[in-house]
Protein chains: 2
Amino acid sequence: MSTAEETTGGEVEPWEEVTPDAARRLLVAAVEAFAERGYHATTTRDIAGRAGMSPAALYIHYKTKEELLHRISRIGHDRALEILQTAARREGTATERLADAVSSFVRWHAGRRTTARVVQYELDALGPDARAEILDLRRQVDAEVRGIIQEGVASGEFDVIDVHGTTLAVLSLSIDVARWFNVNGPRTPEEVGALYADLVLRMVGAK
Amino acid sequence: MSTAEETTGGEVEPWEEVTPDAARRLLVAAVEAFAERGYHATTTRDIAGRAGMSPAALYIHYKTKEELLHRISRIGHDRALEILQTAARREGTATERLADAVSSFVRWHAGRRTTARVVQYELDALGPDARAEILDLRRQVDAEVRGIIQEGVASGEFDVIDVHGTTLAVLSLSIDVARWFNVNGPRTPEEVGALYADLVLRMVGAK
DNA sequence: GGGCACACTAAGCGCTCGCTCAGCTTCGGC
DNA sequence: GCCGAAGCTGAGCGAGCGCTTAGTGTGCCC
């Protein structure tokens, strides 16, 4: 485990794949601004200012303000999906894998709250094509969680009547963490992840 | 039960308290526009247009665009709080009252999804004073749910380690319905309400 | 050390935003 | 049948938006 991973609670520092450096600084500035004020209330002047550049510099690296949101949303969804896939495909019972999936998914939504907020709540600001691409990733996210729950039902570990509805509820519960989680609040991302994993196991009637 | 109540699944048709008629039409138009596009992406011309009026007419009835959001948010939060208070103060065990609270709260978030969306997700667009007023209502909402759960724990009906965290999760789960619920989807508000009441009873370890 | 590619800035264009205001219509009271 | 109040409209103001363009500074290759 690298130093960067340790300081973010086991998760890889994101945005390192974005190059050059100026493009990454702009993107990080955009994430912060979008998370604080929302996409439509954020100005390109604000983003450039946070990155220590002039408004025009943004357009060297990105065609439009919307492209910035698209890149953020794409990378964020890729990361969220990767987290769930890692948990779903490890060794272990459905109970263990569901607890792992929920706790790591929730930990990401709490620990990377600014990113998660943009990813989960600014989808409507994307154009039709980008929106469709992201919705496809969301279907994959849904399928990962549903898969674990179905396996738990099949193995007799879980007692669930409505698998689709329960999957929706589990994801919904986890995603909403990005709305209310407060970095200066009383709970750490790890604590919320552990609590939520327990609550979800209760929801699926795990033994 | 009146006809209006029957057509909205037991809930009173809102906005009837807003007068005169033109002010109500503008407010209903604003709810729809804010829910579809978000507060910042909605123009005063769009709101006035939906209400069949000129842009200037809006300012006869409301001082600013923000006042519209404030009125919507205030009325919506009052209604949400009223729903929970009704469930919390009825006769019955904590189990019955929690199931009632969650199912009716969720039913409102699904059935009145456009209003709920504005109420729950556009809080940040309010100025400091209005925001503080609404946050106080949210604390009352939280207290109602926490009260039922605490009583259930005290009576031995529930098995909950972290009452505050579980309260947060129950409310979070219910509120997020406004984000994903689709009127043309496979589930009715009543079905989601019933499913969620069951899931919440599992979360609190009800017998 | 001259030339050039490239990252960046200062200035500003065209547009739309929230909001204003002068004036028009309608209508109840007398 | 005239009057004032109230509800509303057409036109438009100042500001700030996303984005463009002409030009500047800097560093690398030969």
Side-chain angles (χ1 to χ4, degrees), chain A residues 15-73 118 122-131, chain B residues 15-73 118 122-131:
Chain A
W15 317 132
E16 59 188 10
E17 64 197 281
V18 182
T19 55
D21 180 67
R24 180 171 50 246
R25 270 161 48 220
L26 284 163
L27 193 126
V28 169
V31 170
E32 288 170 9
F34 291 162
E36 264 177 42
R37 311 201 217 292
Y39 176 79
H40 290 292
T42 298
T43 70
T44 54
R45 285 164 178 82
D46 182 26
I47 297 168
R50 284 173 191 249
M53 301 170 94
S54 79
L58 196 153
Y59 296 92
I60 309 280
H61 301 283
Y62 302 95
K63 281 215 296 288
T64 62
K65 178 179 151 185
E66 196 201 313
E67 191 193 324
L68 262 169
L69 177 61
H70 183 198
R71 293 274 286 267
I72 293 165
S73 194
V118 178
E122 301 294 343
L123 178 67
D124 290 346
L126 290 172
D129 290 357
R131 200 184 143 85
Chain B
W15 316 132
E16 57 187 12
E17 63 197 282
V18 181
T19 55
D21 181 67
R24 180 170 52 245
R25 271 159 49 219
L26 284 163
L27 192 128
V28 169
V31 170
E32 288 170 8
F34 291 162
E36 265 177 40
R37 309 203 218 291
Y39 176 79
H40 290 293
T42 298
T43 70
T44 53
R45 284 163 177 82
D46 181 25
I47 296 168
R50 284 174 190 247
M53 301 169 94
S54 79
L58 198 151
Y59 295 91
I60 308 285
H61 301 283
Y62 302 96
K63 280 216 297 287
T64 62
K65 178 180 152 185
E66 196 202 313
E67 191 194 324
L68 262 169
L69 177 61
H70 182 198
R71 294 274 285 268
I72 293 165
S73 195
V118 178
E122 301 295 343
L123 178 67
D124 290 346
L126 290 172
D129 291 356
R131 200 183 144 85

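Numbered from 1 within each chain, the chains take letters A, B, ... in sequence-line order. Note that the structure is a prediction, hence the values are computed from the model and not measured.
The only member of B:Leu58, B:Ile47, B:Leu26 that meets side chain to side chain contact (heavy atoms under 4.5 Å, CB included) when paired with B:Met53 is B:Leu26. For the pairing with B:Arg25, the side chain to side chain contact (heavy atoms under 4.5 Å, CB included) check across B:Leu27, B:Val28, B:Asp21 returns one residue only, B:Asp21.
B:Ile60 places its CD1 atom 6 Å from the C1' atom of D:dG7, with the value rounded to the nearest Å. Straight-line distance from the NZ atom of B:Lys65 to the P atom of C:dT20: 14 Å, rounded to whole Å. Spacing between atom CD of B:Glu66 and atom P of C:dC17 amounts to 19 Å, rounded to whole angstrom units. One atom, CG of B:Leu58, and another, C1' of C:dC21, lie 16 Å apart when rounded to the nearest Å. The NE2-P distance, from B:His61 to D:dG7, rounds to 7 Å in whole Å. Distance CD (B:Glu67) to P (C:dG18): 15 Å, rounded to an integer number of Å. As rounded to whole Å, 13 Å separates atom P of D:dG7 from atom OH of B:Tyr62. Spacing between atom CG of A:Asp21 and atom C1' of C:dC8 amounts to 14 Å, rounded to whole angstrom units.
Each of C:dC21, C:dT9, D:dG18 was ranked by its minimum atom distance to the side chain of B:Ala56; first place goes to C:dC21. The side chain of B:Met53 sits closest to D:dT9 out of D:dC19, C:dC19, D:dT9. Listed nucleotides D:dC8, C:dT9, C:dG18 differ in distance to B:Ala22; the shortest reach to its side chain belongs to D:dC8. If you check C:dT9, D:dT9, C:dC19 against the side chain of B:Ala57, the one that comes closest is D:dT9.
OP1 or OP2 of C:dC19 has at least one side-chain nitrogen or oxygen of B:Tyr59 nearer than 4.0 Å. Phosphate contact (OP1/OP2 of D:dC17, side-chain N/O of A:His40, threshold under 4.0 Å): absent. Considering only side-chain N and O atoms, B:Ser54 lies nowhere under 4.0 angstrom from the phosphate OP1 or OP2 of D:dG10. Phosphate contact (OP1/OP2 of C:dG18, side-chain N/O of B:Thr44, threshold under 4.0 Å): present.
Counting heavy atoms from C-beta on, the side chains of B:Thr44 and B:Tyr59 come closer than 4.5 Å. Taking 4.5 Å as the limit, some side-chain heavy atom of A:Ile72 sits within range of a side-chain heavy atom of A:Trp15.
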*Does the pair A:Arg37 and B:Asp124 meet the rule for a side chain to side chain contact (heavy atoms under 4.5 Å, CB included), with working shown?*
CA-CA 7 Å; A:Arg37 311 201 217 292; B:Asp124 290 346; over 6 Å; no
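Donor-acceptor pairing under 3.5 Å, judged by distance alone, is absent between the side chain of A:Arg45 and the base of D:dG16.
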